[in-house]
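Every chain is numbered from 1, with letters handed out A, B, ... down the list of sequences. These figures come from a predicted structure and were not determined experimentally.
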Amino acid sequence: MKILYFAWVREKAGVSSEDVSPPAEVTTVGALMDWLGGRGGGYTEAFSDRKMVRVAVNHAHVQADHPIAPGDEVAFFPPVTGG
Amino acid sequence: MKILYFAWVREKAGVSSEDVSPPAEVTTVGALMDWLGGRGGGYTEAFSDRKMVRVAVNHAHVQADHPIAPGDEVAFFPPVTGG
Amino acid sequence: MAIRVQLEDFDVGAELERLAAGNHGIGGVALFVGLVRDMAGGETIGAMELEHYPGMTETELERIDAEARRRWPLEETLIIHRHGRLEPGERIVLAAAASAHRQAAFEACHFIMDFLKTRAPFWKKEETPGGGQWVDARSTDDTAASRWSEKERAAE
Amino acid sequence: MAIRVQLEDFDVGAELERLAAGNHGIGGVALFVGLVRDMAGGETIGAMELEHYPGMTETELERIDAEARRRWPLEETLIIHRHGRLEPGERIVLAAAASAHRQAAFEACHFIMDFLKTRAPFWKKEETPGGGQWVDARSTDDTAASRWSEKERAAE
């Protein structure tokens with residue numbers, strides 16, 4: 001599973017992308033955030049204020065209850081500020 | 001008093017502008033329309049459907065009860081269709 | 001806050017450049033460009049003749065512009081309207097409103113166009129296969145203009 | 001119906017020309033151009049860095065564009081959004097909607113910008129005297145976007 005980070009979520013996590021293999025019980029975006037943030041350091045900081053982190057799965061905005069599968073591309077980022 | 005005609009009001013009247021000296025009792029735009037239209041021919045035709053004729057006095061849109069004075073510039077035209 | 005009534009075409013890119021030049025308080029510019037269509041009411045239009053009332057046209061456009069600037073916090077505005085003979089595809093009008101924020105720019109530009117349509121003394125005569133025909137004013141234009149006065153009343 | 005995400009600047013006049021070329025069914029084009037301001041929240045901005053999510057950005061802009069075309073009778077649409085480093089006065093974004101009638105063009109262009117602001121994956125980092133600062137999302141942008149869904153509900 002490919003994980004991408006953008007803007008200050010990227011800066012806090014300290015990486016812009018990584019390949020991960022979460023355990024089988026991690027089946028939703030919310031559970032993935034718990035698992036990724038549980039690794040400590042910058043990851044914990046990146047997910048500390050969950051309300052400020054938005055998620056996209058395979059290029060589509062989703063909510064925390066959205067299911068995830070091994071081949072997915074999951075991105076974490078702050079609310080968007082383009083335009 | 002200078003009178004201007006535009007678009008189909010001009011075409012019906014047969015002139016684009018004229019200088020007129022209406023009698024003293026013609027003190028409003030409505031009375032002026034009666035007097036101008038009362039001259040017959042194209043003038044009568046131009047003012048035959050009064051609801052379709054708009055008026056400006058000295059470059060400002062006005063209604064039929066608007067007062068007029070000798071030095072005024074009075075224009076008659078259909079509803080505008082610019083833009 | 002420029003008003004121009006002219007026979008010649010205009011360059012939208014150059015006008016936008018000039019409008020925003022040196023003013024870094026502008027966050028957004030809303031523009032509207034009106035073009036001559038080749039069909040109207042099922043009839044083919046070969047060209048159109050735009051008649052106007054010199055003097056009053058400028059005065060009325062300045063009134064509309066001043067009203068827009070009174071209602072919204074605008075950095076810059078521009079209205080250019082052509083007259084004379086125009087063929088399908090040609091530009092007729094440009095309205096632009098620049099503001100720090102996009103909502104003000106959008107609303108002001110829309111307001112200017114709605115009022116221009118119902119108040120600026122221009123008349124279109126279309127050349128159709130059946131001869132020249134004066135364009136009828138559309139009641140939807142009155143409706144469009146009236147919604148701005150409703151907004152004002154609601155805000156009082 | 002073109003979407004472009006690019007580092008380079010764009011030429012608004014040329015884009016408009018291309019958009020309307022040969023389509024004489026277009027009566028009006030509404031455009032919005034977003035520019036970099038030199039002040040935000042009382043702080044001086046030296047420049048801004050626009051980060052984006054390649055791949056998703058294009059997909060999301062296409063979704064917004066498709067939704068605009070579903071809601072309004074549009075002849076043409078165009079969205080160009082830059083990324084990278086931009087200085088005050090530089091163009092960030094262009095949204096354009098062309099239609100037979102101006103109301104559809106205005107509303108569609110406004111809709112595209114409101115949704116772009118809340119859904120397209122771009123993030124601005126401003127260079128201020130105190131260092132780089134990520135721009136906070138504005139709640140007024142959510143409000144602006146939500147009014148379009150209210151309209152839809154009211155129409156049902």
Side-chain angles (χ1 to χ4, degrees), chain A residues 1-20 28-30 32-33 36-37 41-83, chain D residues 5 32-37 40-41 48-64 79-84 86 91-95 109-126 131-142 144-145:
Chain A
M1 183 178 299
K2 191 175 184 187
I3 310 294
L4 301 174
Y5 303 95
F6 291 97
W8 60 252
V9 180
R10 170 179 56 72
E11 289 181 347
K12 287 190 176 176
V15 294
S16 56
S17 76
E18 57 179 333
D19 283 301
V20 299
T28 66
V29 160
L32 180 63
M33 288 166 95
L36 291 168
Y43 293 115
T44 303
E45 235 191 291
F47 291 105
S48 65
D49 189 357
R50 194 72 73 83
K51 286 194 310 295
M52 292 309 293
V53 179
R54 298 289 180 274
V55 192
V57 172
N58 301 328
H59 295 175
H61 291 286
V62 299
Q63 301 297 318
D65 59 358
H66 192 85
I68 50 166
D72 285 347
E73 175 173 309
V74 185
F76 298 99
F77 45 78
V80 303
T81 56
Chain D
V5 180
F32 180 83
V33 181
L35 304 171
V36 181
R37 287 192 296 155
M48 109 181 350
E49 184 74 31
L50 251 164
E51 183 172 335
H52 79 117
Y53 181 175
M56 177 168 172
T57 309
E58 291 80 357
T59 304
E60 199 60 34
L61 292 178
E62 275 159 23
R63 277 192 198 109
I64 295 165
I79 307 174
I80 305 177
H81 204 301
R82 293 174 72 190
H83 60 97
L86 298 171
R91 283 176 277 270
I92 306 171
V93 61
L94 169 66
C109 185
H110 202 158
F111 170 89
I112 288 169
M113 281 309 303
D114 282 352
F115 272 77
L116 186 154
K117 282 264 179 188
T118 55
R119 301 195 60 89
F122 288 97
W123 302 274
K124 288 176 182 152
K125 190 175 195 175
E126 294 170 340
Q133 229 167 325
W134 290 102
V135 172
D136 281 332
R138 302 193 317 158
S139 63
T140 52
D141 285 332
D142 289 330

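Residues of residues 55-67 of chain A lying under 4.5 angstrom from chain D, judged on non-hydrogen atoms, are A56(A), H59(A), A60(A), H61(A) by number. The stretch residues 72-83 of chain A places E73(A), A75(A), F77(A), P78(A), P79(A), V80(A), T81(A), G82(A), G83(A) near chain D, each with some heavy atom under 4.5 Å from a heavy atom of that chain.
A search for salt bridge (Lys or Arg N to Asp or Glu O under 4.0 Å) contacts involving E58(D) returns nothing, not counting sequence neighbours. Considering only residues two or more places apart in sequence or on other chains, E18(A) meets the salt bridge (Lys or Arg N to Asp or Glu O under 4.0 Å) condition with R39(A).
With a 4.5 angstrom heavy-atom cutoff, T59(D) touches chain A only via side-chain atoms. Looking at R63(D), only its side chain comes within 4.5 Å of chain A, counting heavy atoms on both sides. Proximity to chain A is absent for every atom of D142(D), based on heavy atoms less than 4.5 angstrom apart. Interface remark: R54(A) contributes no atoms to any contact with chain D (heavy atom separation under 4.5 Å).
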Stepwise side chain to side chain contact (heavy atoms under 4.5 Å, CB included) check, H52(D) with F6(A): CA-CA 8 Å; H52(D) 79 117; F6(A) 291 97; over 6 Å; no

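K125(D) places none of its side-chain heavy atoms less than 4.5 Å from the side chain of W8(A).
Considering only heavy-atom pairs separated by less than 4.5 Å from chain A, the leading option among P121(D), G55(D), A95(D) is G55(D).
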